[in-house]
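Excluded from the calculations below are hydrogen atoms, water molecules and symmetry mates; all remaining heavy atoms, backbone and side chain alike, are included.
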Amino acid sequence: MLPFKLVEREVSGEVLEISVEGELDLAVAKQLQEALQKADSDCTQVLIGLENCEFIDSTGIAVVVQAHRQFAEEGRRVVLFAPTSQVLRILSVTGLTGNGLVFESAAEALAASTPSPALNGHP
């Protein structure tokens, strides 16, 4: 099991990538929330990489959905990319894979750079 860690990388002046390592759950979701909150207004997109995320619980999902909604209201976007098979299964069950929030790769997420509408019916 990987220890939890966030790795932030500026892709460009407008794009921030945050890679999640380990488990994104109640114990650490606040760290991701804080990283998302400090993304300045010049940042139009935040890409959250899940290739090393072993598990995500409802708290982690809620942080992502809340950030997605807030960014969408500001004309910006938050998306997830490269989820592991276990995390993808959880995201699929919660209905988050069919609305432009989850991508196979960072390149695919950047290529689809039109902000998606705010999620409806999700916390």
Side-chain angles (χ1 to χ4, degrees):
M1 184 165 98
L2 290 171
F4 179 78
K5 182 167 85 170
L6 293 179
V7 178
E8 295 181 41
R9 177 177 79 91
E10 189 175 297
V11 176
S12 72
E14 297 180 347
V15 180
L16 174 66
E17 181 181 310
I18 301 173
S19 294
V20 177
E21 296 181 13
E23 297 186 355
L24 179 54
D25 58 17
L26 177 62
V28 296
K30 186 147 184 69
Q31 292 176 47
L32 177 59
Q33 183 177 28
E34 290 168 354
L36 289 164
Q37 288 172 342
K38 72 179 187 184
D40 65 38
S41 59
D42 292 340
C43 179
T44 59
Q45 294 187 76
V46 176
L47 310 177
I48 301 174
L50 299 176
E51 61 268 271
N52 294 312
C53 181
E54 298 168 342
F55 175 77
I56 187 169
D57 74 358
S58 60
T59 312
I61 290 170
V63 167
V64 170
V65 170
Q66 178 185 10
H68 177 81
R69 285 183 178 159
Q70 179 183 344
F71 272 57
E73 288 172 6
E74 299 167 357
R76 305 187 301 156
R77 69 194 281 252
V78 171
V79 295
L80 306 173
F81 74 91
T84 59
S85 58
Q86 181 176 351
V87 170
L88 180 59
R89 193 169 28 257
I90 294 166
L91 295 172
S92 295
V93 167
T94 57
L96 296 178
T97 55
N99 58 19
L101 179 64
V102 181
F103 295 89
E104 286 186 29
S105 68
E108 186 181 297
L110 284 170
S113 63
T114 315
S116 56
L119 300 174
N120 294 318
H122 292 283

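- R77 forms no cation-pi arrangement with F71, by the criterion of a distance under 6.0 Å to the ring centre and an angle within 45° of the ring axis.
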As a quick check of understanding, evaluate side-chain contact (heavy atoms from CB on, under 4.5 Å) for I61 and T59, giving each step before the final call.
CA-CA 5 Å; I61 290 170; T59 312; over 6 Å; no
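- Two residues are said to be in side-chain contact when any heavy atoms from C-beta on lie closer than 4.5 Å; H68 and L101 meet this criterion.
- When the options V64, I48, L47 are evaluated for a side-chain contact (heavy atoms from CB on, under 4.5 Å) with V79, the one that passes is L47.
- Taking the side chain as every heavy atom from C-beta outward, L16 and Q45 never approach each other to under 4.5 Å.
- Residues D57 and L26 approach most closely at OD2-N, 3.1 Å, considering heavy atoms.
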Any chance you could lay out the side-chain contact (heavy atoms from CB on, under 4.5 Å) test for C43 and R76, step after step, and finish with the verdict?
CA-CA 8 Å; C43 179; R76 305 187 301 156; 4.3 Å; yes
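- Residue F4 is not grouped with residue V7 when hydrophobic side chains (ILVMFWY) are merged at heavy-atom distances under 4.5 angstrom, including chains of intermediate members.
- Heavy-atom minimum distance, L24 versus A29: CD1-CA, 3.9 Å.
- Considering every non-hydrogen atom in both F103 and E108, the closest pair reads CD2-OE2, 3.4 Å.
- Side-chain contact between L6 and L32 is present, with at least one heavy-atom pair separated by less than 4.5 Å.
- A 4.5 Å side-chain heavy-atom check between L91 and V87 finds at least one atom pair inside the cut-off.
- Remark: the backbone N or O of E54 is not paired with any side-chain donor or acceptor of T84 at under 3.5 angstrom.
- Going from atom CG of L88 over to atom CD of E104 covers 9.0 Å, rounded to the nearest 0.5 Å.
- Among pairs with a residue in residues 3-16, those fulfilling side-chain hydrogen bond (donor to acceptor under 3.5 Å, both in side chains) read R9-E17, at least two apart in sequence or across chains.
- Formation of a donor-acceptor pair under 3.5 Å by the D25 side chain with backbone atoms of G60 is not found in this model.
- A heavy-atom distance below 4.5 Å is not found between the side chains of N52 and S19.
- Between Q70 and E74 there is a side-chain heavy-atom pair separated by less than 4.5 Å.
- For the residue pair L96 and N99, the shortest heavy atom distance occurs at O-OD1, 3.0 Å.
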